[in-house]
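Notes follow once the structure below has been shown.
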Amino acid sequence: MKNSFDEKILDEAKDWIKANQKVVLATVIQTWGSSPRQVGSRMIVNEKGDFSGSVSGGCVESAVVGECLSLIKDNKPCKKIEFKVSNESAWEVGLACGGEIAVYIEQIH
Amino acid sequence: MKIKTLEEILKKKSSKTEFAILTNLENGDSEIYLPGTSPKGEFSKYADEIENFFKSKKNGVIENSEIFVETYIKPIKVIIVGAVHIAQYLVDFAKSLNFEISIIDPRGYFASEQRFPEIKVINKWPKEAFEEIETNSSTALIALTHDPKIDDPALQYALKNKFYYIGALGSKKTHENRCQRLAEAGFTNDEINSIHGPIGIKLGGKSAPEIALSIIAQLVSETYKK
């Protein structure tokens with residue numbers, strides 16, 4: 001049986017929007033191998049770089065924050081980012097677990 | 001995602017409706033899918049796949065597509081009998097674990113709103129209280145009063161309705177007596193042995209939050225066994 005372990009990130013997103021912040025929603029959409037967070041895990045980022053929630057065990061969060069800030073700056077609606085062991089820049093960020101994940105970021109507008 | 005969609009998602013969540021969020025990863029379009037309905041627009045091509053994701057309660061990208069499906073299921077219902085000190089900590093844990101809690105206690109001084117500001121406390125005897133709560137085999141019962149007058153009818157109801165988790169607070173001796181009463185009431189050994197008593201996993205702690213933790217840990221572990 002499964003419980004709905006809803007981490008209430010979307011509820012928090014609403015609060016941030018109410019407080020007139022720009023919010024980007026990041027969601028784990030695919031995982032390969034051993035990845036710390038399951039598909040559907042979420043994180044939100046505002047224009048100041050504050051974030052809540054998680055898409056990994058702390059391995060790629062800073063990179064995701066950076067991507068979210070660029071999305072706001074360039075005013076783009078969405079982007080898919082893959083963090084793979086074979087991807088050098090992602091390796092620098094360090095998905096220490098050796099897994100691979102795809103994260104989808106989108107502006108809430 | 002549009003703010004309107006976000007608001008609709010939050011509304012569906014608070015009304016405990018099951019639904020899925022469909023997202024087109026190419027253009028960022030998203031919409032809410034309700035089971036039994038046909039997905040709209042560009043998502044309609046993937047109606048079968050979306051339904052399958054929904055039925056298996058899975059999240060993921062539909063194969064050979066750019067469509068992401070995230071399903072939302074109803075939280076598990078947990079009924080606590082006894083609006084006691086331990087129940088206050090259970091409410092705290094259940095909040096972050098997203099269990100849906102109802103509390104039954106016929107004793108008005110325990111069942112006060114001041115003690116449980118955010119939870120529905122039914123100030124009735126279990127028999128009448130269960131008429132107000134919809135239950136099924138995915139419901140859990142945590143009996144905390146260790147008063148046979150209050151706990152026993154609730155335990156009997158939970159056994160008859162095949163709740164997936166039934167736990168009862170009390171010492172080994174209290175539990176032995178409880179088992180004997182249930183046997184006299186006609187319950188089989190298998191049924192009686194399915195009750196977790198004394199309740200909780202062994203942590204060693206004796207304080208109210210520690211006992212609550214040991215109960216909630218057992219509840220989570222049993223949830224994944226079913």
Side-chain angles (χ1 to χ4, degrees), chain A residues 1-32 35 37-46 52-55 67-68 71-72 74-82 100-109, chain B residues 1-14 16 18-21 23-30 53 56-63 66-78 94-100 137-140 164-165 216 219-220 222-226:
Chain A
M1 221 159 85
K2 234 176 118 177
N3 191 25
S4 58
F5 288 103
D6 173 11
E7 293 166 339
K8 303 192 173 59
I9 301 300
L10 292 179
D11 303 62
E12 211 175 339
K14 181 73 204 303
D15 294 341
W16 286 18
I17 288 165
K18 256 194 209 157
N20 287 322
Q21 298 174 25
K22 287 190 172 162
V23 180
V24 179
L25 178 66
T27 308
V28 177
I29 53 167
Q30 277 169 312
T31 64
W32 299 267
S35 57
R37 298 302 327 266
Q38 54 189 351
V39 173
S41 300
R42 284 206 158 116
M43 181 171 132
I44 46 171
V45 180
N46 70 9
S52 181
S54 64
V55 292
E67 291 279 359
C68 291
L71 203 72
I72 294 174
D74 305 340
N75 201 21
K76 291 209 174 116
C78 57
K79 188 181 177 183
K80 196 162 110 177
I81 320 155
E82 290 188 8
E100 303 178 6
I101 61 170
V103 176
Y104 181 71
I105 60 173
E106 57 186 315
Q107 288 208 57
I108 303 179
H109 54 87
Chain B
M1 182 185 285
K2 292 199 169 64
I3 294 177
K4 214 181 88 192
T5 311
L6 174 69
E7 283 171 345
E8 209 182 324
I9 291 168
L10 297 180
K11 217 161 92 188
K12 292 259 179 306
K13 277 200 322 176
S14 64
K16 320 281 183 217
E18 302 209 319
F19 63 97
I21 306 169
T23 307
N24 181 328
L25 301 174
E26 269 169 348
N27 60 17
D29 282 357
S30 55
F53 265 92
S56 57
K57 298 175 176 172
K58 260 174 41 188
N59 302 325
V61 178
I62 295 173
E63 216 174 313
E66 287 292 314
I67 307 293
F68 179 65
V69 184
E70 189 187 359
T71 54
Y72 273 81
I73 56 172
K74 277 186 202 166
I76 288 171
K77 211 176 269 183
V78 179
K95 208 170 167 184
S96 36
L97 294 166
N98 208 33
F99 287 115
E100 186 191 343
S137 59
S138 305
T139 308
Y164 84 96
Y165 174 86
I216 212 87
L219 177 65
V220 171
E222 291 302 315
T223 302
Y224 283 109
K225 284 183 194 165
K226 300 289 151 95

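Keep in mind the model is a prediction, meaning the values are calculated, not measured. Throughout, protein chains are lettered first and strands after them, A, B, ... in sequence-line order, and every chain is numbered starting at 1.
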Gap separating the NZ atom of A/Lys79 from the CG atom of B/Leu25, nearest 0.5 angstrom: 14.5 Å

Contact winner vs chain A - B/Glu66, B/Glu222, B/Lys74, B/Lys13, heavy-atom pairs under 4.5 Å: B/Lys13

Side-chain touch B/Lys2/A/Gln107, heavy atoms, less than 4.5 angstrom: no

Residue A/Thr27 versus chain B: region with a heavy atom under 4.5 Å: side chain

Minimum side-chain heavy-atom gap B/Val61-A/Tyr104 below 4.5 Å: no

Portion of B/Asn24 that has a non-hydrogen atom of chain A nearer than 4.5 angstrom: backbone

Proximal component of A/Val28, with respect to chain B [non-hydrogen, under 4.5 Å]: backbone

Value rounded to 0.5 Å, distance of CD1 in B/Ile67 from CD1 in A/Ile29: 11.0 Å

Euclidean distance, A/Glu7 CD relative to B/Asn98 CG, rounded to 0.5 Å: 10.0 Å

B/Asn59 side, atom CG; A/Gln30 side, atom CD - distance, nearest 0.5 Å: 12.0 Å

Separation between CD1 of A/Ile17 and CD1 of B/Ile3, rounded to the nearest 0.5 Å: 4.5 Å

Check: A/Val39 and B/Lys58 side chains under 4.5 Å, non-hydrogen atoms: no

Stepwise salt bridge (charged side-chain N to carboxylate O under 4.0 Å, His left out) check, A/Lys80 with B/Glu26: CA-CA 9 Å; A/Lys80 196 162 110 177; B/Glu26 269 169 348; over 6 Å; no

Distance (rounded to the nearest 0.5 Å) between B/Thr5 OG1 and A/His109 NE2: 8.0 Å

Closest contact, heavy atoms only, B/Glu70 versus A/Arg42: OE1-NH2, 2.7 Å

B/Lys226, NZ atom: more than 12 neighbouring heavy atoms under 6.0 Å: yes

4.5 Å side-chain heavy-atom contact, B/Tyr164 and A/Met1: yes

Smallest separation among heavy atoms of B/Leu10 and A/Lys14, with atom names: CD1-CB, 3.5 Å

